[in-house]
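Each remark here refers to the structure printed beneath this line.
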Amino acid sequence: MNSRGIWLAYLLLTTALHVVLLSIPFLSVPVVWTLTNVIHNLAMYLFLHTVKGTPFETPDQGKARLLTHWEQMDYGIQFTASRKFLTILPIVLYILASFYTKYDTTHFVVNTGSLLSVLLPKLPQFHGVR
Amino acid sequence: VYHAACNGALYSRPFIESFEETPMLVAVLTYMGYGILTIFGYLRDFMREWKIEKCHIAREREEQKDFVPLYQDFENFYTRNLYMRIRDSWNRPICSAPGATFDLVERSSNDYNWTFEYTGRVVKDVINLGSYNYLGFAENTGACATAAGEVTVKFGVGMASTRQEMGNLDRHEELEKLVASFLGVESAMAFGMGFATNSMNIPALAGKGCLILSDELNHASLVLGARLSTSTIRVFKHNNMQSLEKLLRDAIVHGQPRTHQPWKKILILVEGIYSMEGSIIRLPEVIALKKKYKAYLYLDEAHSIGALGPYGRGVVDYFGLDPKDVDVMMGTFTKSFGAAGGYIAGRKDLIDHLRTHSHSAIYATSMSLPVVEQIITSMKCIMGKDGTTIGRSRIQRLAENTVYFRRRLREMGFIIYGNNDSPVVPMMLYMPAKIGAFGREMLKRNIGVVVVGFPATPIIESRARFCISAAHTKEMLDRALDVISEVGDLLQLKYSQHKVLL
Amino acid sequence: YQYLLITGIYVLEPWEQSIFNTLLFTMVAMVIYTSYVFV
């Protein structure tokens, strides 16, 4: 997650997701923002906090096999640049989604639940907790 | 970005190394490509899970489901869903000596590379840019082959015992004397396997209470040897002297963790040429640091011995340094001598210690005699002891071929990594599909190349790696360069933004 | 050829490439249509 251009690629991917959802004729703007937020957080939860191990063999005698991607990042060091970036982005998306849904209650509850599902696992207190 | 470090006393020659950054657009498109392939990989795994598609790869049987998984399913995800699709570019069967040109067995696959069949045809005279054959001794004719043949007839090939028992022959001792005189050190010891030379001897040199400072791009054999030694291992950035000095300083100032006792020994592990990067170690600076902090230096010259230096004596010779400044000289006979195995050389007490404590000396059968003969003959040729100048001229030709090949590729606009004088030339490909496409298109035009991708390289630094040989004639190199340029245009690989003025 | 190489679908099987192309062109068509309507 530190290599060159990966943050830009991640932003572009999120933007593309939003544009594609926005192009679905029968979806309203609030629904599109909530969908963007929920799909983004779902994908982030899956790839960063659910899948364990590495998709290829690593020479570390299986040490990484039981760790999620988030726990393997930067060898487990907390508060690195990548970790901050990946923590801030869902919050920004949540603020945008809340704004564009005009703080409607239903959307607010859905978006808040979705945001918490990706924020809690990122807390240092939950490192390695199952 | 070019580093032309010619700081005065340390370097006796220009040290020019370049690692041009990945263009941002290419990096983003590379991530996108890997993302798309990963999504389709999940789709295929889903179909295999639900038996919609037959699963070719090994899996547990139903009865084994409750046991510890034998095949770490997710760990084979890349193998199953990315590597399989382009693996016809790897492990190609050859049916001749891996010389400047070689013959490939043609094979085809009807199920997208899950299985292969031989078509019965042979692809003749493919120009070989993939094998480590720096001085062109990988040949089945000439003095080396003849000498090896005679020894095979006279002594046979098997060595059914170890060096400490009956497997210690006079030819082995002659080889070790020759290696010691070739390197300019007191004594040397030869081992039957290059990888084992590192992994079995580092544990005999360092142990508990020792600190090993290892370059982040060190070979797996160095990593294994360091791990087996139970020493504390710290990794410094590739060829980065500031990073190395910082670790050395911390080690001296703080000592061991918790007890803060001084380290028993500090061993710096580096390689002469990093074959994946094409970079050459900054040996003058490393030696200056080791003297300053009283550390030991272990130099792995697997690729640089025979390939660098005016006399082929490796990176020490290349920088014109004193071999005695390097505490442990290690190298292999695989790349420049057309043989196999490795050596460790240095002071006599060091080698005597290894003769009694090395795992290989106690448990491994010693080197087969035809291989010993191949090494002796080729090394004498390099040293000029056979009365000819073949060795010298090959070293000269390799250096010329290397500089020429690198310059031409850079002029064409490719991004080339590493040092100007390194005979390993990594050329960047970046996107995952271009890895397979490059290997296939080059073979279509009768050039054999090696391509390398993630996870063996960083995800946005997939590359083709050309290995130059003294056996390549200028016509072969020009032919190869023309084909590389043609394929580079076809696949749009000329990414360099530092256009070299012709 | 560049499209196949840059998207990476060069290494996919034909039916997978068809799925990808269908999805991609559907999305592009939707984006174009919606942009047209919006503008």
Shorter than 4.5 Å, heavy atoms on both sides: which option in B/L29, B/T30, B/I36 has the most such pairs with chain C?
B/I36
Identify the residues of residues 4-18 of chain C whose heavy atoms come closer than 4.5 Å to a heavy atom of chain B, ordered by number, or report 'none'.
C/L4, C/L5, C/I6, C/T7, C/G8, C/I9, C/Y10, C/V11, C/L12, C/E13, C/P14, C/W15, C/E16
Non-hydrogen contacts under 4.5 angstrom with chain B: give the residues of residues 19-39 of chain C involved, or none if there are none.
C/I19, C/F20
Output the option from B/L43, B/L37, B/I86, B/V26 having the highest count of non-hydrogen pairs under 4.5 Å with chain C.
B/L37
With only heavy atoms counted, which part of B/L82 is less than 4.5 Å from chain C, the side chain, the backbone, both or neither?
neither
Tell me, side chain or backbone of B/I39 under 4.5 Å from chain C's heavy atoms, or both, or neither?
neither
